[in-house]
Amino acid sequence: MPSRKLMSMPDAVAAFIPDGASVALGLALESLIPFAAGHEIIRQRKQGLTLIGPISDILFDQLIGAGCVSRVIAAWVGNVSAGLAHNYRRALEGDKPSLVVEDHSNFSIALALRAGAMGVPYLPTRSLLGSDLLRSNPHFRIIHDDGVPLVRVPALAPAVAIVHTQRADDQGGAHCWGNLGISEDAALAARQVIVIAEEIVPSSVIRSDPNRVLLPAFKVCAVVHEPGGAHPSPVQGHYGRDHAMYHDYHQASRTAEGFARWQSEWIDSVSGRQAYLSRLGAGRWADLSRPATRTPRLAAAVDYGY
Amino acid sequence: MPSRKLMSMPDAVAAFIPDGASVALGLALESLIPFAAGHEIIRQRKQGLTLIGPISDILFDQLIGAGCVSRVIAAWVGNVSAGLAHNYRRALEGDKPSLVVEDHSNFSIALALRAGAMGVPYLPTRSLLGSDLLRSNPHFRIIHDDGVPLVRVPALAPAVAIVHTQRADDQGGAHCWGNLGISEDAALAARQVIVIAEEIVPSSVIRSDPNRVLLPAFKVCAVVHEPGGAHPSPVQGHYGRDHAMYHDYHQASRTAEGFARWQSEWIDSVSGRQAYLSRLGAGRWADLSRPATRTPRLAAAVDYGY
Amino acid sequence: MVTSVGYTAQELMVAAAAREIHDGEVVFVGMRLPLIAFALAKRTHAPNAVGLFENGIVRDEPSRELLYTMGDPPNVVGAEWCTSLSNIMCLLAQGAVALGFIGGAQVDRFGNLNTSYIGDPCAPTTKLPGSGGATDIASLSHRHIIIMEHERRRLVERVDYITSPGFGDGGDWRARVGLPRGGPAALITTLSVIRFDPQTKEAYLDSCHPHSSVEEARAHTGWDLKVAPTVHMTAPPTEAELQVIRAIDPQGFWTHV
Amino acid sequence: MVTSVGYTAQELMVAAAAREIHDGEVVFVGMRLPLIAFALAKRTHAPNAVGLFENGIVRDEPSRELLYTMGDPPNVVGAEWCTSLSNIMCLLAQGAVALGFIGGAQVDRFGNLNTSYIGDPCAPTTKLPGSGGATDIASLSHRHIIIMEHERRRLVERVDYITSPGFGDGGDWRARVGLPRGGPAALITTLSVIRFDPQTKEAYLDSCHPHSSVEEARAHTGWDLKVAPTVHMTAPPTEAELQVIRAIDPQGFWTHV
C-alpha cells in the first residue's frame with residue numbers, strides 16, 4: 001500500500017504541530033535529540049507550545065528563545081556539558097516570567113508519561129517526598145496508602161511526540177538503539193508520533209527484528225527522512241556529539257541579541273537540515289560522522305528462524 | 001574474574017529455591033517456559049512454593065501435581081492448545097482445596113510485578129472493575145482518585161524469577177528475543193534471577209548489543225547452561241513448540257494416577273535435561289530444532305560504533 | 001462437523017466474527033477462531049486492520065502458518081512490534097483498541113462471561129483456567145465479541161462468577177462500576193448471533209445460523225431469550241471466505257471440531 | 001588550577017569521592033567529577049562496583065573515552081545493559097542503589113540541595129536547570145554524596161528551594177516525610193569534607209583539604225559550621241590515583257577548571 005506517512009520536515013511540522021500543541025521531545029536525554037524538527041518548528045514560527053521532556057540539552061532553550069513556547073514540563077533545562085540555559089533563565093528570572101514551568105524529576109516525568117500510556121489518572125512514587133517540587137508544581141499531591149505517604153504524579157498525554165531514530169520504514173516501523181531514556185513511555189503516551197530517521201529502509205529490514213522496534217506503527221503520523229537531523233546530539237552508529245557546538249551556543253546565547261544572531265545564522269537563514277550541514281562544513285561533519293578512528297561495532301547476530 | 005554464577009541446574013535449584021519460596025516463571029507466556037528448571041524442582045521435592053506468573057502452559061500444573069506448590073498467583077493455569085489443567089482442577093475442586101489461588105488478569109499480574117519493581121505498594125488500573133476477581137482475590141481493593149474508582153493492585157516481589165533465554169554469559173548478562181510477555185517486569189521485581197540459557201557465550205557477545213539484554217547482571221544469582229531446557233515450549237531461533245507433547249500430557253494427566261505415571265516417566269526417571277531429550281528421541285528433537293524447512297531469519301545488522 | 005450445507009459451524013462463526021472487524025481497526029486477536037477471523041478479515045474487507053497479542057506482539061499481517069498458541073515462533077516472524085505484555089495492555093487501557101475477542105464457559109443475559117469457577121469459587125465444582133487477558137479485554141476495549149458453544153448450561157441466567165465484565169445487571173452498570181468504555185457487541189455461538197439492547201443492555205437474538213432456528217437457539221438458552229423483530233438468517237460463509245479459512249487451517253484443527 | 005602541591009582541587013575531590021564507593025556497590029554515577037571518581041574507584045579499590053546512568057545505561061567498566069555527557073556513544077559501547085530511564089529508576093526506587101552522586105548551587109546545614117531557583121521560585125533572581133534525576137537519587141538511594149564549590153553564597157543556612165532532600169530540618173525528618181531511606185553521607189567541597197551527625201543530622205567539618213584549613217572552610221560557610229573533635233586533613237590523591245585520573249581526563253576538561 002502506498003505510504004501517506006513519508007513526508008518532508010516542513011510538511012510534518014505544518015501538519016502535526018499546531019500552535020498550542022503539547023509536544024514531547026528530547027526523550028532519549030542527551031542523544032537522538034530532534035534538533036532538525038525543533039529548528040523547523042522555529043522557522044514556522046509556532047506559538048504557545050507546551051514542551052514535555054526529561055532533560056533538554058539546549059533544544060528547549062532554542063525553542064524558548066525563538067518565542068514558540070508558553071509552558072515547559074520538564075526535569076531539567078540547560079546545556080549538559082556547558083552550563084545554564086540562557087533563554088530559559090531570561091524567560092523566568094524576575095517578576096514577570098514569560099513562561100510557565102511545571103517542575104519534575106526525571107523519574108516523575110517518566111511516570112507521568114507512563115500514566116498517560118496506561119490510561120490511569122496518576123502513578124504513585126516515593127520519590128520527591130520532602131522536596132519543594134511538591135510546592136512549585138501544584139499538580140503534584142501527596143496521597144496516603146494505608147498510612148504510607150506517596151506522591152501522586154498526574155498523567156501526561158502529549159498531543160505529539162517527536163523521536164529521532166536510526167532507521168524507519170515508510171509505514172512508521174522504526175529501529176533505534178543506544179540510550180533511549182523515556183522514549184518508549186513518551187511514544188506510548190502520545191496520541192501521535194513523528195518519527196525522524198537517519199535512513200529509510202524497506203519494511204523487511206524493520207520486521208527482521210521486531211524486538212528492536214520502538215512503537216506500533218499505527219501511532220506514527222509522519223515519517224521524515226532527515227540524515228544528520230539530531231546534530232549536535234549524537235546518534236549511535238551514525239555520528240558523535242559535537243561538543244563544540246554546545247559550547248559555542250553557550251557563549252553566543254549569553255545575551256538575547258547574541259541568541260537572535262545565532263538563530264538567524266543556524267536556523268532562519270538555512271532552508272533545512274541539508275543547508276545547515278553545509279553551513280557546518282563538510283570537514284566538520286565528516287569528522288563527527290566518519291572519524292578516522294571509527295570502527296563498526298556490530299551487534300551479535302540474532303536468528304528469529306524456526 | 002572467575003564466575004561463581006555458572007552452575008548446574010541441580011545446584012542452582014538447590015541453592016536458590018528453598019522450600020516455601022515465591023518463584024516467578026513462565027514469564028514470556030507460551031514460549032521460553034523453563035520446563036527443565038521446573039522438573040528439577042520436582043525431582044528435589046521442593047515444598048510449599050508460591051508460583052507467580054501470567055499464564056502457565058502446563059508447567060504450573062506439573063508442579064502442582066507433584067505436590068510442590070501451596071499457592072498460585074496467576075491469571076490463567078491450563079494447557080493452551082489442549083484445554084484444562086487437570087492437576088490444578090483436582091487441587092481446587094470440591095470443598096477441601098489443597099491450594100490457595102490469588103486470581104489475577106494478565107495486566108494485573110504485570111502491574112503487581114511492576115509495582116514491586118518500582119518500590120511502591122501498589123499500582124492503579126481501570127481494568128478488573130466490575131469483575132469478581134475483586135471478590136475472589138482479597139488483595140485487590142477499590143480506591144478512589146478524585147471520585148474515579150480504580151483497582152489497587154498490590155505489589156509482588158518474588159524471591160526468585162526463572163527466565164529461559166537464548167544466550168547468556170557466565171556473569172549473568174543475557175539476550176533473549178521473540179515474545180517476552182512480562183519477563184522484564186518480573187526480572188526487575190524479583191530479588192534474584194536464575195538465568196537459563198540455550199548457549200553460554202563470551203561476555204563480548206552480550207555486550208555487543210546492550211539494548212537486547214534482559215536485566216542487569218547484578219540481579220542474577222545463577223546462570224545455567226541447559227540446551228533444550230524450554231521444551232516443549234518454543235525458543236525463537238532454536239526450536240519450535242512440540243504441540244504433541246501438550247496433547248499427550250493432557251490425555252495422560254486426566255487422572256492422578258495417569259499424572260503420576262507421566263511424572264515418573266518424564267521427570268523422576270530422567271536425571272536431567274539431556275536424559276529427557278534422549279527419551280524424547282533424537283529424531284523428534286531434530287524435527288523440532290532443525291526442521292527441513294528451517295531457514296535462518298537474521299535480524300538486520302546494527303552498528304553501535306562511533 | 002461439516003454440515004450438509006458444506007461448511008462447519010466453526011467456519012460460519014469465523015466468517016461472522018471476521019465481519020465484526022472494520023477496516024483499519026486495532027484488534028486484540030486472541031487464539032483459536034478469532035485468530036482465523038482476523039486473518040480472514042485482513043484478506044477480505046479489512047486489509048488495514050492491525051492485530052495485537054497480549055504476549056507482546058503486534059502484527060499487521062497474519063502469520064504464514066497456523067498457530068497453536070500466540071507464542072509460536074511463526075507469530076513473531078514478520079511482526080510489526082515485539083514488546084512487553086505491559087506495553088500491549090497500555091494500548092488497550094488508553095483506548096487504542098477498537099475490538100477484542102474472548103471466549104468462555106458461561107455467559108449470561110447481560111453478556112457477563114465466566115472462565116474461572118463453576119459453582120462456589122470457594123468450593124467450585126469445576127475450576128476453569130481463569131482470566132488470562134480476558135478481563136482486561138472486556139474491561140478496556142471499545143467493544144468485544146464473545147465466541148462460544150450454544151448450550152443451555154453455558155448460556156445461563158446469571159454466571160457463577162464474572163471473569164470478564166459484560167453489562168453487569170444492565171443499563172449504565174459499566175459506567176457505575178467505573179469502567180471507562182466498552183461492553184460486548186455480540187455473542188457469536190454455534191447456533192446464532194446474539195446482540196445487546198442499546199438501552200437495557202439485555203441480550204437478544206439477532207440472527208440464527210442457516211443450520212439452526214429461533215426455536216432451537218431459544219431452547220438451548222438458559223433464560224427467556226428475547227428475539228429481535230428483525231431476526232434473520234446469519235449470512236453463511238461465501239465460497240471465497242471458505243477458501244481463505246481452509247487455506248489457514250487446512251487440517252481443520254480449530255475449524256473442524 | 002594546579003596548586004603548588006601538584007594536583008588540582010578537583011583531582012583531590014575526585015579521589016575523595018572515589019573513596020566513598022565500596023567494592024561491589026551499585027552506584028548512580030552522574031556526570032563530571034563523579035564519573036571520574038567511579039572510574040578511579042573501579043581501577044583501584046572497588047573493581048566490582050557497578051555504575052548506573054539515568055538515561056538507561058548500566059556499566060561495570062568505565063567507558064574507554066572521556067565523556068562530556070552520559071549519552072555520548074562511548075558510554076553505550078561495552079555497556080552491560082542499555083534500557084529505559086524507568087527501569088534504571090526502578091532499581092533506585094526498590095533500594096538496589098547503594099550510593100548516588102549529585103551536585104548543586106546551594107546546600108544547607110542539613111544537606112538539602114537546591115538546583116532549581118535562587119530567590120523566590122515565583123520570581124527567581126536566578127533560574128537554575130532543575131532536578132534532572134537528582135531529586136530521585138537524593139530521595140531513593142541508600143546514601144548520597146554532594147559535590148560542590150565551597151563558597152559562602154553556596155553553603156547557606158537554609159536553601160531557597162529543596163530540589164534534592166537532605167535531612168530537611170534534621171533528626172528523623174526523612175522518615176516523617178515518608179522517604180524510605182537515605183540521606184547525604186558527605187558533602188565534598190573544594191575546601192573540605194563535611195559529614196552529618198548521626199542523630200541531629202547537622203553538618204560538621206570532618207576534614208580539610210591540604211590546601212585549606214578549618215578557619216577557611218568555616219569562613220566560606222554561611223552558617224556556624226560545627227567542627228568534629230577528630231577533624232583531620234583530607235588524604236591527598238596518591239600518585240597512582242593521579243595517574244588514573246589524568247589518564248581518564250588528559251586535557252583536564254573536568255579536573256582542571
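Just so we're on the same page: letters track the sequence lines, and every chain starts at 1.
C:Asn55 places no side-chain N or O within 3.5 Å of a backbone atom of B:Leu29 that could act as its donor or acceptor partner. Using a distance-only test at 3.5 Å, with no hydrogens or angles considered, a donor-acceptor pair links the side chain of C:Ser139 to the main chain of B:Leu128.
The CD1 atom of B:Ile182 sits 10.5 Å away from the CE atom of C:Met89 when rounded to the nearest 0.5 Å. Note that NZ of C:Lys127 is 10.0 Å distant from CG of B:Leu99, once rounded to the nearest 0.5 Å. To the nearest 0.5 Å, the span separating CD1 on B:Ile55 from OG on C:Ser131 amounts to 11.5 Å. Interatomic distance, OG1 of C:Thr126 versus CG of B:Leu92, reported as 11.5 Å (0.5 Å rounding). The OG1 atom of C:Thr135 sits 4.5 Å away from atom CG of B:Leu133, with the distance rounded to the nearest 0.5 Å. A distance of 12.5 Å separates CZ in B:Arg114 from CG in C:Leu85, rounded to the nearest 0.5 Å.
Contact of B:Arg126 with chain C is made through backbone and side chain together, with heavy-atom distances under 4.5 Å. The contact between B:Ala28 and chain C is made entirely by backbone atoms, counting heavy-atom distances below 4.5 Å. For chain B, the nearby parts of C:Leu128 are the backbone and the side chain; heavy atoms of each come within less than 4.5 Å. For C:Leu140, the part sitting under 4.5 Å from any heavy atom of chain B is the side chain, from C-beta outward, and nothing else. If you measure heavy-atom distances from B:Glu93 to chain C, the contacts under 4.5 Å come from both the backbone and the side chain. Neither the backbone nor the side chain of C:Phe53 comes within contact range of chain B; no heavy atom of the residue lies under 4.5 Å from a heavy atom of that chain. For B:Asp95, the parts sitting under 4.5 Å from any heavy atom of chain C are the backbone and the side chain alike. Heavy atoms closer than 4.5 Å to chain B are found in the backbone of C:Thr125, but not in its side chain. Interface residue C:Thr83: only backbone heavy atoms are found under 4.5 Å from chain B. For B:Val148, no part lies near chain C; criterion is any non-hydrogen pair under 4.5 Å. Contacts of B:Tyr239 with chain C are made by backbone atoms alone, with heavy-atom separations under 4.5 Å and no side-chain atom involved. In this structure, no portion of B:His86 lies under 4.5 Å from any heavy atom of chain C. Heavy-atom distances place no part of C:Arg176 under 4.5 Å from chain B, backbone and side chain included.
Using modelled atom types, one finds a donor on one side chain and an acceptor on the other under 3.5 Å when comparing B:Asp185 with C:Ser86. Between the side chains of C:Tyr117 and B:Ser136, not a single donor N or O lies within less than 3.5 Å of an accepting N or O.
Counting heavy-atom pairs closer than 4.5 Å to chain C, the top-ranked of the candidates B:Ser31, B:Ala110, B:Gly178, B:Gly78 is B:Gly178. Looking only at heavy-atom pairs under 4.5 Å with chain B, the residue among C:Pro121, C:Cys82, C:Gly168 that has the most is C:Cys82. Comparing B:Pro97, B:Gly83, B:Ser105 by how many heavy-atom pairs each has under 4.5 Å with chain C, the most go to B:Ser105. Per-residue counts of heavy-atom pairs under 4.5 Å with chain B were compared for C:Ile162, C:Val177, C:Leu67; the largest is that of C:Ile162.
Residues C:Pro129 and B:Leu84 meet the side-chain proximity criterion, which asks for heavy atoms closer than 4.5 Å.
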Given the rule in the side-chain contact (heavy atoms from CB on, under 4.5 Å) test, do C:Thr69 and B:Arg241 qualify, once you have shown the distances and angles that lead to the verdict? CA-CA 9 Å; C:Thr69 81; B:Arg241 187 172 186 269; 3.2 Å; yes

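C:Asp72 pairs in a side chain to side chain contact (heavy atoms under 4.5 Å, CB included) with only one of the listed residues (B:Gln236, B:His243, B:Glu30), which is B:His243.
Here the closest heavy-atom approach between residue B:Leu129 and residue C:Pro165 is recorded as O-CG, 3.7 Å. Residues B:Ser131 and C:Thr163 approach most closely at CB-O, 3.7 Å, considering heavy atoms. Here the closest heavy-atom approach between residue B:Ser81 and residue C:Tyr68 is recorded as CB-O, 3.8 Å.
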